[in-house]
Amino acid sequence: QVQLVESGGGLVQPGGSLRLSCVASGLTVDNYAIAWFRQGPGKGREGVSCMVGSQGTIYQSDSARGRFTISRDRAKNTVYLQMNTLKPEETGVYFCAAGRPAVYGCRLQPYDYIHWGQGTQVTVSS
């Protein structure tokens with residue numbers, strides 16, 4: 001059975017950093033598109049970043065680009081999201097998701113992803 005388990009969320013001040021982890025079982029992260037989505041209070045689910053390890057492709061949202069980094073550890077079957085210079089509007093539940101990669105790699109559309117974790121809460125506040 002496929003499971004995705006996120007961790008690493010918490011309370012951080014504006015300008016601070018967090019590293020989120022997504023530990024996968026039942027699938028090999030290199031062979032899937034793996035994405036991070038954020039759902040803020042009263043908001044929809046928005047794509048943050050995605051990657052396809054076997055293709056060496058990465059896609060980032062405009063807001064994440066330059067501050068966030070997605071990466072993987074193949075030995076641990078884990079995908080990470082390093083978030084730097086966090087902003088209050090980036091508060092929300094962060095979800096890890098896995099789906100089939102396209103020829104072009106991945107995109108930040110929720111319906112592309114079949115498997116979802118339960119999410120980890122990130123709060124950016126003073």
Side-chain angles (χ1 to χ4, degrees):
Q1 295 183 346
V2 173
Q3 289 190 50
L4 302 174
V5 180
E6 303 96 333
S7 63
L11 176 64
V12 63
Q13 294 195 9
S17 299
L18 286 173
R19 189 181 74 160
L20 307 182
S21 299
C22 173
V23 180
S25 60
L27 62 82
T28 300
V29 296
D30 239 26
N31 298 330
Y32 285 77
I34 308 295
W36 289 95
F37 291 84
R38 174 179 60 242
Q39 186 162 7
K43 300 179 181 179
R45 195 162 295 185
E46 298 181 354
V48 178
S49 185
C50 66
M51 69 179 300
V52 181
S54 62
Q55 297 179 358
T57 55
I58 293 172
Y59 182 76
Q60 303 255 68
S61 69
D62 290 342
S63 62
R65 196 170 297 115
R67 295 185 298 117
F68 293 4
T69 303
I70 190 168
S71 63
R72 77 190 190 282
D73 186 328
R74 287 174 290 181
K76 297 180 179 179
N77 206 34
T78 299
V79 175
Y80 303 96
L81 183 67
Q82 177 68 46
M83 304 187 293
N84 297 326
T85 321
L86 281 159
K87 304 174 181 179
E89 58 264 37
E90 291 164 341
T91 290
V93 178
Y94 283 70
F95 296 90
C96 176
R100 299 277 290 181
V103 173
Y104 55 81
C106 61
R107 61 182 185 177
L108 295 172
Q109 297 291 336
Y111 54 77
D112 284 356
Y113 298 90
I114 300 170
H115 307 290
W116 292 79
Q118 294 301 118
T120 184
Q121 176 69 43
V122 172
T123 303
V124 186
S125 177
S126 298

Kindly write out the residues that satisfy side chain to side chain contact (heavy atoms under 4.5 Å, CB included) with [X], not counting sequence neighbours, or none if the list is empty.
| X | result |
| --- | --- |
| Ser61 | Ser63, Ala64, Leu108 |
| Ser125 | Leu11, Thr123 |
| Ala97 | Phe37, Tyr113, Trp116 |

Side chain to side chain donor-acceptor pair (under 3.5 Å) pairs, two or more places apart, involving [range]:
| range | result |
| --- | --- |
| residues 86-95 | Arg38-Tyr94, Arg67-Glu90 |
| residues 39-54 | Gln39-Arg45, Ser49-Gln60 |
| residues 5-21 | Ser17-Asn84 |
| residues 25-37 | Asp30-Arg72 |

Where [X] and [Y] come nearest, the two heavy atoms and their spacing:
| X | Y | result |
| --- | --- | --- |
| Val48 | Leu81 | CG1-CD2, 4.1 Å |
| Ile34 | Ala98 | CD1-CB, 3.6 Å |
| Thr120 | Gly9 | OG1-N, 3.1 Å |

- Quick one: pull up CD in Gln82 and CG in Leu20 and give me the separation to the nearest 0.5 Å.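 Answer rounded to 0.5 Å: 8.5 Å.
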
- Would you say the side-chain atoms of Gln118 pair up with the backbone N or O of Leu4, donor to acceptor, closer than 3.5 Å?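 Side chain of Gln118 to backbone of Leu4, a donor-acceptor pair under 3.5 Å: no, none is there.
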
Tell me whether [X] shares a hydrophobic cluster with [Y], the cluster being built from Ile, Leu, Val, Met, Phe, Trp, Tyr side chains joined at under 4.5 Å.
| X | Y | result |
| --- | --- | --- |
| Val5 | Val79 | no |
| Val122 | Ile70 | yes |
| Ile58 | Val29 | yes |

- Members besides Val23 in its Ile/Leu/Val/Met/Phe/Trp/Tyr cluster (side-chain heavy atoms under 4.5 Å):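 Besides Val23, the cluster holds no residue at all.
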
- Apart from Val52 itself, which Ile, Leu, Val, Met, Phe, Trp or Tyr residues share its cluster (side-chain heavy atoms under 4.5 Å, direct or through members)?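 Under the 4.5 Å side-chain rule, Val52 groups with nothing.
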
- Selection residues 73-126 - residue pairs positive for disulfide bond (SG atoms under 2.5 Å apart), sequence neighbours left out: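 For residues 73-126, and leaving out neighbouring residues, the disulfide bond (SG atoms under 2.5 Å apart) pairs sorted by first residue read Cys22-Cys96, Cys50-Cys106.
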
- Applying ring-ring contact (aromatic ring centres under 6.0 Å, His included), which residue pairs with at least one partner in residues 50-83 are found, sequence neighbours left out?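 The answer is none; no pair qualifies.
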
- Message: Please list all pairs meeting salt bridge (charged side-chain N to carboxylate O under 4.0 Å, His left out) that have one or both residues in residues 111-126, counting only residues at least two apart or in different chains.
- Response: Arg107-Asp112

